[in-house]
2 protein chains.
Amino acid sequence: MRWDEIENQPCSIARSLSVVGDRWTLLVLRECFLGVRRFEEFREHLGMARHRLSDRLGRLVEEGVLRKEPYQDKPLRHEYRLTDKGKDLYPVMLSLVRWGDHWMDRGKGPPVVYRHNPCGHMTTPVMVCSECGEALTARDVTPMAGPGLRRGDKRLHRYNTA
Amino acid sequence: MRWDEIENQPCSIARSLSVVGDRWTLLVLRECFLGVRRFEEFREHLGMARHRLSDRLGRLVEEGVLRKEPYQDKPLRHEYRLTDKGKDLYPVMLSLVRWGDHWMDRGKGPPVVYRHNPCGHMTTPVMVCSECGEALTARDVTPMAGPGLRRGDKRLHRYNTA
DNA sequence: TTGACTAGTTCCAAAATGGAACCTACTCTG
DNA sequence: CAGAGTAGGTTCCATTTTGGAACTAGTCAA
């Protein structure tokens, strides 16, 4: 399967990865969440090739994750800002941060810690059930065929039917 | 920056991505969470080139995300199972699922829905603060330099100091 | 002894990436 | 007004990564 085909899979993970699943995109978005908006600043922080960055930003705009806003004329220049769709990737960032902090810290503790301003505490993000608030583990969750699954797809995976 | 250098960044996102940030790895892990364990079954579900799958599984074993367990001798055959480190990637999966369900569903609703067995409800995963239980948004969270950040790195990003 | 099954590896072409140089449209400084 | 500087790209080319198909290895079963 080629990469440009994966977005057609009836799977939200595959579809999400078709947008953010390459080498650089999530790092570009990390910078967005840290407040970076301009081409040169992305490039300096990330150390990636200019045309690669150009591609990635363009793709993210196409996908509606970022939008281009002019910040000057003469010459016309744009900055890149997160849309709502982009901001909604924050939990993806946090889940990667959490895992990296725990398993990839080389015994030195997390490089960055996070304060949750409303409650004032240093926070560790936790993924919980929207209904009961308990932390979610794979063992306790059963995937089942949903409305967006075409009939023929069901055999492809092992989803239970509701 | 080349890909094999990103794991050295003082950033948990970069470090996580050095393990799971390529085209296929998270899809391989999706299959793991669905109960797939054997080479041929991964290949059939994913439709990826055999040697690519071989690489990825090998890398995941190296990184301690999967472990190889023999399931027969003559000829010796192994299956691949999630370690604790691997199981702990479940929130990463869920966060991608959540985003894809919401923004990439093509108006047809999610292809797969999830039941949280302990509470019996269909669940939507939410990322919350470990301390107060409120949902986390980028605006409400302030990143600050942590113990794993080397002194010289601080200027590289915009982290506040604690 | 032929075929099937599982899990690979090898070879090669195609695609993605990285690095450096170049381009464009300004502005600023002397 | 010439020359340097700035921001945001694009072009060219070598290197790396991927995808596809064919081949191998060990074992069983007919």
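Numbered from 1 within each chain, the chains take letters A, B, ... in sequence-line order.
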Checking contacts here: which listed nucleotide ([options]) is nearest the side-chain heavy atoms of [X]?
X: Tyr71(B); options: dT6(C), dG18(C), dT9(C); value: dT6(C)
X: Lys74(A); options: dA20(C), dT27(C), dA25(D); value: dT27(C)
X: Glu40(A); options: dT18(D), dG8(C), dG8(D); value: dG8(D)
X: Ser54(A); options: dG9(D), dG20(D), dT6(C); value: dG9(D)
X: Ala49(A); options: dG8(C), dG18(C), dG20(D); value: dG18(C)
X: His51(B); options: dA7(C), dG9(D), dG19(D); value: dG19(D)
X: Arg52(A); options: dG8(C), dT17(C), dG8(D); value: dT17(C)

Distance check needed: [N] [atom2] versus [X] [atom1], whole Å only.
X: Asp4(B); N: dT15(D); atom1: CG; atom2: C1'; result: 12 Å
X: Leu27(A); N: dT17(C); atom1: CG; atom2: P; result: 13 Å
X: Arg43(B); N: dT9(C); atom1: CZ; atom2: C1'; result: 14 Å
X: His45(A); N: dG8(D); atom1: NE2; atom2: P; result: 13 Å
X: His78(A); N: dA25(C); atom1: NE2; atom2: P; result: 15 Å
X: Met1(B); N: dT15(D); atom1: CE; atom2: C1'; result: 18 Å
X: Arg56(B); N: dT17(D); atom1: CZ; atom2: P; result: 9 Å
X: Arg23(A); N: dG18(C); atom1: CZ; atom2: C1'; result: 11 Å

Q: Describe, in one word, how the ring planes of Tyr90(A) and Phe33(A) are oriented to each other, choosing from parallel (under 30°), tilted (30 to 60°) and perpendicular (over 60°).
A: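 The rings of Tyr90(A) and Phe33(A) sit tilted, inter-plane angle from 30° to 60°.
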
Q. Is the shortest heavy-atom distance from the side chain of Trp103(A) to the side chain of Ser16(B) under 4.5 Å?
A.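 Answer no - side chains too far apart.
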
Q: Check whether any side-chain nitrogen or oxygen of Tyr80(A) sits under 4.0 Å from OP1 or OP2 of dG9(D), and answer yes or no.
A: yes

Q. Is a donor-acceptor contact shorter than 3.5 angstrom present between the side chain of Arg50(A) and the base of dG8(D)?
A. yes

Q.
Would the base of dG8(D) count as contacting Arg77(A) through its side chain, where contact means a donor and an acceptor less than 3.5 Å apart?
A.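 In this structure, the two groups form no donor-acceptor pair.
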
Q.
Under a 4.0 Å threshold between the charged nitrogen and the carboxylate oxygen, would Arg15(B) count as salt-bridged to Glu7(B)?
A. no

Q. Is it true that Asp55(B) and Arg52(B) have a side-chain N and a carboxylate O under 4.0 angstrom from each other?
A. yes

Q) For Asp22(A) and Leu57(B), take the nucleotide of DNA chain C holding the closest heavy atom to each; which residue's nucleotide lies nearer the 5' end? A)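 Its nearest nucleotide being more 5', the pick is Leu57(B).
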
(Q) Go nucleotide by nucleotide along DNA chain C from the 5' end; which of Met48(A) and Asp73(A) gets its closest nucleotide reached first? (A) Met48(A)

Q) Would one find more than 12 heavy atoms of other residues, nucleotides or ligands at under 6.0 Å from atom CZ of Arg106(B)? A) yes

(Q) Tell me whether Arg2(A) at atom CZ has more than 12 heavy atoms from other residues, nucleotides or ligands lying less than 6.0 Å away. (A) no

Q: Could you say whether Pro75(A) or Arg2(A) is positioned toward the 5' end of DNA chain D, judged by the nucleotide with the nearest heavy atom to each?
A: Pro75(A)

(Q) Please compare Trp3(A) and Leu76(A) by the position of their nearest nucleotide in DNA chain D and report the one closer to 5'. (A) Leu76(A)

Q: Select base, sugar-phosphate, or nothing to describe what Phe42(A) touches, counting heavy atoms under 4.0 Å on all strands.
A: nothing

